[in-house]
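For reference, the structure discussed in these notes is given below.
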Amino acid sequence: MIRKRKRKRPGPLAETTRGCGRGAAAAVLVPGSCAEDQPHRRLREVLSARLPAAGGVSSRKRGRESRSQMEDARGILCADGGCLGDVLTEKGLVALKEPVAHVQLACSAQYCAFPADGNTLCVWSTEDPSHQPLTLGGHHEPVTAVAFGNAASPHLLCSASRDHVITWRLHECRQKALQGLTPRGLVVGTLLGKVLCLRLSPDDRAAAVCAGKKIFVLDTASRSTLAELEGHRGAVTAAEFCPWQTRIIVSVSEDRSFKVWDHHVESLIYSSSVLTASPLLSLLIHAGSRQLVTGCAHGQLWIFSLVEGHHYRCVTRVDLKKKRESFSRRTESRLCSLPEDSPHPSTDGWKEREEAEASLPVLGLASCALSVILPAECAGQSSENAVCLWIGSSVGLFLFNLASFELEAALHYKDFRSLSIQVAGSCAVESGAGGDKAVCLLASLLGRKIALLEIHVAALVTSQRRHAAGRGLSVLPRAHVLSTSPLRFRPAEERAQPALQAPSGSAGQRAVKDRPLVFHSKVRSSGYASTPRTTMFLPKTNTRSSGGRSLPRSHGHSKEYPLELSLPTRVHKQLVLAHGPPAAATCVQYSGDGRWLACGLANHLSLVLRADLAGTPTVFSGHDRPVSTVCWSQDSRWLLSASQDGTLRLWSLRRAEHVLCVGRDMFSKPVGSAQFYYLDAFILSSSGPELQLLRHHMDTSKDEIRRYRQKSWCRRVFRLRTTGATGITSLSAVNDFYSYLVLAAGRNRTLEVFDLNAARSAAVIVEAHSRPVHQICQNKGSSSTTLQPLLYNLFATTAAGDGLKLWDVRTLRCERCFEGHPNHGYPCGIAFSPCGRYVASGADDRHVYMYDVGSSTFSHRLAGHTDTVTGVAFSPSVPQAVC
């Protein structure tokens, strides 16, 4: 009887290499796919016998022994089968004898390098890892850090261990290996200790070696020690050379701080305070924005400004876990809005991760030019020069926008079931030469595997971006007014206007009319009781009939706005608002011609002042509660005010009295915001969840008999409710030219775009801020400036405790975020400069912060107030601001 021999169950490493042999690595990786579902592919087993092993200080016999050990350690290398996936491809996989979970890996556009067998280095080509891999030997101790040089030629590789720091010229090493010779490196340092990080200078002439609590700066040519920097209280985990000042080195440490050094004189320039409770692990200096980014083991990022004069100020702090949760919710809302026949990516991994790891350690940082990768129609106006960062963590890779401080894409390892490494211990990311692809080298946290991944960045970002519901939107109108649009509303009085026009004649003949003296209608006056009077300011009813202006302007206000002096930097004049009891100013706004300034107060009053703050202010009284909004008409003749008493009042600037009061009989809930719209043809107002379009008529003529009868009127033309019936906290629309779009902010932290030409909601932005938006401000320019048409699509929003965000109405995306000003309590106002280059914001620290729209940090900080700055406005004609 022949007994069947029992088959031994393969071990974990054998199962790993066998699964790789079945096509797990070279297959197309799609979220939710499985390795067994992919077609079997032919594997090419790469043997080290192709190339002789090399040792920097050993003999050829020693190289052959190292080569045989390398064959056993590498297992099976999974090569690229020539088929690239839509998002991710695993191009190479190797199983090692020793774990390399916390070793610094190296990755460039052409090569990647890692410790293969303790003291041996393996160099792969990122295009084809199986094509002539290079093995370098020369260390006697395990290699703990690897880094590539920055110069294009010669291509340097630097490796460090406890015994040596060696530099390798890759081209020469490859030529020697092809000739059967032993590649040799140049030893630049010895016995420095355990090295955690290694970096080369931009010109590759110096190397920063982080060993223990010290940083050794070594000369790669003379092999001498240039500087020894000491001052950290914990092990130094990362260091970077400043790209524009190579004598400057920035380092982070386990003591949770960063330091700035001048290694030419071996001096400390700046030392930060303790940033967090977790050790700092990674560091990146971005040359374009001149910012420093560092990440810790608890998943937090800090961004500091390295601009001269900013004194290493903190731009923002980012919680990666919260950003990932917010990004997942936005992506899920996008999936819900897709058509039924559209392919929906798998979201099973997101649900499984809700109870996963408590933190996301930042293992690595790398730059990524996203504007070069994406098509032109996907990029916003202000994001042309914006860059993104690759954030490597233990569970995935994240693409972080350095301008908007939001995630652009998230790649989780668990979403790709055929991926060999699910939890990473260390990683290195680098964008490809063309920019459309990125390569990532991963080391397993618990296993002994290293994998090379190729990421298709454009496919990753476009698959996870929000559904383009706002595509085609523009502040400038692109079509005629529809026949069904509420903007076509015309009252009977206006349609009969040609019949009411009097023939031309003298002013006295037009003004003297018969008026009733008594209540009997048959008794008429001779007209001598009234003095001749002419109407000076007629409303402009036909914008095409005359090119003249409705108000005379002085020559000083008709000049072109000086763009080179567009930012006010000092206090010119101060004025104390001492009308009645002391009260705070709630809102301010300049008139369109820049001659007048309106101010709303908390003591129920509104003031109108001259723009130069000279003379006595004109007081408008009538509200019963604080004034929340003031708005000028386009011709600067009328002033609109909204109050917390639930009423709207229109005031005549010439008569200094109110001509119209719209009360609670028209609004079911108190009025939140109000403004003139469509070249003063309408009034926009918000009442609870309703956006209301009001038609108005102002009549300032006096009737001696019916003097208390209000001749002005206001009628509701159209109203529209917000999505979800959420209350409106702020609204904004352009009044200086015809525009169909209205922006509204809701109490549920959403932004909604209404198209009044189509009489519907055009788009909704969910979770625009972490708190409800209290003000929306559009880039409207002024009559004294000329802006590019695309700049009118920019608008800014602000919320207490969540900074200020810049948006593009075409993409409905946050293009930039400003968080340098403290605003945690009282709502602070914001304003665009007429040139569109700056945004001003009030703050809790009694300052006004001026931001450049091309930078995430403030340019100037204006002092002079003694309390919270609640409102700010730019003059439309001269470079000055009031707050």
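All of these numbers come straight from a predicted model, not from anything done at the bench. Computed from heavy atoms alone, side chains included, the values below leave out hydrogens, waters and symmetry copies. Nothing fancy with the numbering, it's 1 onward along the sequence.
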Separation of [Y] [atom2] from [X] [atom1] (nearest 0.5 Å):
| X | Y | atom1 | atom2 | value |
| --- | --- | --- | --- | --- |
| Ser591 | Trp638 | OG | CH2 | 15.0 Å |
| Thr798 | His774 | OG1 | NE2 | 4.0 Å |
| Leu306 | His286 | CG | NE2 | 12.0 Å |
| Asn779 | Leu790 | CG | CG | 11.5 Å |
| Leu804 | Ile830 | CG | CD1 | 4.5 Å |
| Phe754 | Ser761 | CZ | OG | 5.0 Å |

Are [X] and [Y] close enough that some pair of their side-chain heavy atoms sits under 4.5 Å apart?
| X | Y | answer |
| --- | --- | --- |
| Ser856 | Gln291 | yes |
| Thr750 | Thr723 | no |
| Cys777 | Ser732 | no |
| Tyr678 | Tyr738 | yes |
| Asp755 | Leu741 | yes |
| Leu487 | Phe682 | yes |
| Ser636 | Arg595 | no |
| Leu694 | Met666 | yes |

Item to complete: Establish, from distance only, whether the side-chain atoms of Asn401 and Glu406 form a donor-acceptor pair under 3.5 Å.
Response: no
Discussion item. Testing the 3.5 Å rule here: is there a donor-acceptor pair between the side chains of Glu752 and Thr722?
Written reply: no
Do side-chain atoms of [X] reach the backbone of [Y] as a donor and acceptor pair under 3.5 angstrom?
| X | Y | answer |
| --- | --- | --- |
| Thr726 | Gly746 | no |
| Ser687 | Lys669 | yes |
| Lys805 | Ala768 | yes |
| Ser628 | Ala642 | yes |
| Ser643 | Pro626 | yes |
| Thr629 | Ser673 | no |
| Gln675 | Ala733 | yes |

Worksheet entry | Residue list, ring-ring contact (aromatic ring centres under 6.0 Å, His included) with Phe737, at least two apart or on another chain | Tyr792
Item to complete: Begin from the C-alpha positions of Cys631 and Gln589 and carry the test side chain to side chain contact (heavy atoms under 4.5 Å, CB included) through to its verdict.
Response: CA-CA 7 Å; Cys631 178; Gln589 190 182 44; 3.8 Å; yes
Practice prompt. Could you go through the side chain to side chain contact (heavy atoms under 4.5 Å, CB included) check for Val627 and Phe620 one step at a time?
Written response: CA-CA 11 Å; Val627 179; Phe620 295 87; over 6 Å; no
Provide the closest heavy-atom pair for [X] versus [Y] in the form atom of the first, atom of the second, distance.
| X | Y | result |
| --- | --- | --- |
| Ser685 | Val671 | CB-CG1, 4.4 Å |
| Leu407 | Phe327 | O-CD1, 3.4 Å |
| Pro477 | Ser739 | CD-CA, 4.4 Å |
| Val717 | Pro486 | CG1-O, 3.7 Å |
| Cys835 | Thr785 | N-CG2, 4.4 Å |
| Arg649 | Gly622 | NH2-O, 3.1 Å |

Worksheet item: Are the ring centres of Tyr851 and Tyr838 closer than 6.0 Å?
Response: no
Discussion item. Taking Arg810 first and then Glu815, would you say they form a salt bridge - that is, a charged N and a carboxylate O separated by under 4.0 Å?
Written reply: no
Discussion item. I'd like to know whether OH of Tyr826 has more than 12 heavy-atom contacts from other residues, nucleotides or ligands below 6.0 angstrom.
Written reply: no
Could you list the donor-acceptor pairs under 3.5 angstrom formed by side chains in residues 840-849, with sequence neighbours left out?
residue	atom	partner	partner atom	Å
Ser841	OG	His821	NE2	3.4
Asp844	OD2	His824	N	2.6
Asp844	OD2	Gly825	N	3.3
Asp845	OD1	His847	N	3.4
Asp845	OD2	Tyr849	OH	2.4
His847	ND1	Asp845	O	2.7

Worksheet item: Can you list the steps and then say if Val293 with Leu402 is a side chain to side chain contact (heavy atoms under 4.5 Å, CB included)?
Response: CA-CA 9 Å; Val293 186; Leu402 199 55; 4.1 Å; yes
Worksheet, complete the sentence: Which of Leu693, Leu660, Leu650 passes side-chain contact (heavy atoms from CB on, under 4.5 Å) with Ile683? It is Leu650
Scan the side chains in residues 857-874 for donor-acceptor partners under 3.5 Å anywhere in the protein, sequence neighbours excluded, and list what turns up.
residue	atom	partner	partner atom	Å
Thr857	OG1	Arg313	NH1	3.0
His865	NE2	Cys883	O	3.2
Thr870	OG1	Ala585	O	2.5

Worksheet item: What orientation do Phe676 and His696 show, parallel under 30°, tilted 30 to 60°, or perpendicular over 60°?
Response: perpendicular
Worksheet item: Between Val608 and Trp651, is a side chain to side chain contact (heavy atoms under 4.5 Å, CB included) present by the stated rule, with each step listed?
Response: CA-CA 11 Å; Val608 173; Trp651 312 83; over 6 Å; no
